[in-house]
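These numbers come from the heavy atoms of this one structure, side chains and all, not from hydrogens, waters or symmetry mates. Residue numbers run from 1 in the order of the sequence given.
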Amino acid sequence: MTSIITALLGYSIDTIKPFVQSLNATGFQGTKVVIYYNPDKKVKEYLEDNDWEVYSIPDAKFHVNLQRFQEIPKVIEKYNLTDDTICFTDIRDVIFKKDPSGIKSNFYIGADIFKPFTQHEWNAKAIIDGFPKQFEIIKEEYPLCAGVIIGKGELLKNFFADCFSISTESLYSNLVEWCAVDQAAVNILAYTKYKRTLQYPKLEDKIVFNTANRSINDDSQLDGYYIYHQYDRNKIVKNYLFNQK
């Protein structure tokens, strides 16, 4: 079985509706769990009406991008997902085009950009600020994107626990407001402790299309992916997904 896990803080029904409806449209039948911080009653009811399990948390000690790493292992245990393939995603800017149950991988993270860290200032700085020693180990690898991570439940339970652990030991000055600790932790572990386990993405993969750092001149390269992430960052991608003119 395949299950979906995501996390939510503060978004309206209209904001999350493209995510919810696009997954529904694929015919997905697996377990769907949302880790919901400071839940709103109407949004919670909307999710439950669409067959989501809502794992409510009154408040987060850290920024939600980091806090979710602590909660995901608990969710995997609570809903008996250790033997499932889990598709963990962001919620605001993710669209499903095909049933993610068709994704066959024990551990997969899509590329943020197919250039090494040394050639991409934002991703390099994101790691140098919090993990300067680790940067020297992985600097010639290409950055992976923390917004969609797929893998076996037991493995991801350990992976996300490790992500949270090393994040709280990082040199970032503030883990309550937004910082890039989530992306940094994912990349460090993917290229060190989990290096032999991860299926590294290739340009021709048709699993996740991460939009932010892709050069897109027309929609000819967009066909066939299961998941589209950061679609709101490029008009061509957004038009392709929503059939806008």
How far does [atom1] of [X] sit from [atom2] of [Y], to the nearest 0.5 angstrom?
X	Y	atom1	atom2	value
Ser167	Gln70	OG	CD	11.0 Å
Gln183	Ile127	CD	CD1	8.0 Å
His63	Arg68	NE2	CZ	9.0 Å
Phe159	Ile149	CZ	CD1	5.0 Å
Tyr37	Asp59	OH	CG	10.0 Å
Ile95	His229	CD1	NE2	11.0 Å

Might you point out which heavy atoms bring [X] and [Y] nearest each other, and give the distance in Å?
X	Y	result
Ala146	Val186	CB-CG2, 3.9 Å
Gly110	Pro201	C-CG, 3.9 Å
Gly30	Met1	CA-CE, 3.8 Å
Ala184	Ala126	CB-O, 3.9 Å
Thr6	Thr89	OG1-O, 2.8 Å
Arg214	Gln221	NH2-NE2, 4.5 Å

Indicate yes or no for a side-chain donor-acceptor contact from [X] to the backbone of [Y] under 3.5 Å, with no hydrogens or angles considered.
X	Y	result
Asp90	Arg92	no
Lys61	Gln67	no
Glu53	Val33	no

Step-by-step salt bridge (Lys or Arg N to Asp or Glu O under 4.0 Å) determination, Glu136 to Lys139: CA-CA 6 Å; Glu136 291 302 313; Lys139 63 183 180 181; 2.9 Å; yes

Connected via hydrophobic side-chain network under 4.5 Å: [X] and [Y]:
X	Y	answer
Leu156	Leu144	yes
Ile128	Leu175	yes
Val64	Val148	no
Leu66	Ile166	yes
Tyr200	Phe114	yes

Going by heavy atoms in the side chains, are [X] and [Y] under 4.5 Å from each other?
X	Y	result
Val237	Leu222	yes
Lys193	Asp162	yes
Asn174	Cys179	no

Using only heavy-atom distances, determine whether the side chains of [X] and [Y] contain a donor-acceptor pair under 3.5 Å.
X	Y	answer
Asp14	Ser12	no
Asn210	Asp112	no
Tyr108	Asp205	yes
Asn123	Tyr142	no
Lys32	Ser3	no

Option among Leu23, Ile16, Asn24 that satisfies the side chain to side chain contact (heavy atoms under 4.5 Å, CB included) test with Asn50: Asn24

Single hit among Asp84, Asn158, Ile5 for side chain to side chain contact (heavy atoms under 4.5 Å, CB included) with Ile76: Ile5

Check against side chain to side chain donor-acceptor pair (under 3.5 Å), Lys152 and Thr85: CA-CA 4 Å; Lys152 292 297 183 182; Thr85 294; 3.2 Å; yes

Derivation and outcome, side chain to side chain contact (heavy atoms under 4.5 Å, CB included), residues Thr118 and Glu140: CA-CA 6 Å; Thr118 53; Glu140 297 305 327; 3.5 Å; yes

Neighbour count above 12 (heavy atom, 6.0 Å) for [X] [atom1]:
X	atom1	value
Lys78	NZ	no
Glu154	CD	yes
Asp83	CG	no

Ring pair (Phe, Tyr, Trp, His ring centres under 6.0 Å) partner of Phe19, chosen from Tyr231, Phe96, Tyr46: Phe96

Pair Tyr228 + Tyr225: ring centers closer than 6.0 Å: yes

Tyr11 and Tyr36 aromatic centres sub-6.0 Å: no

Salt-bridge present (Lys44, Glu48; N to O < 4.0 Å): yes

Mutual orientation of the aromatic rings belonging to Tyr172 and Phe131 [parallel < 30°, tilted 30-60°, perpendicular > 60°]: perpendicular

Listed partners of Phe160 passing ring pair (Phe, Tyr, Trp, His ring centres under 6.0 Å), at least two apart: Phe69, Phe88

Check against side chain to side chain contact (heavy atoms under 4.5 Å, CB included), Asp219 and Asn239: CA-CA 9 Å; Asp219 62 13; Asn239 287 347; over 6 Å; no

Residue pair Lys74, Glu71: steps toward the salt bridge (Lys or Arg N to Asp or Glu O under 4.0 Å) verdict: CA-CA 5 Å; Lys74 300 175 187 177; Glu71 310 301 341; 3.6 Å; yes

Shared-cluster residues of Trp178, by chain and number - hydrophobic side chains joined below 4.5 Å: Trp122

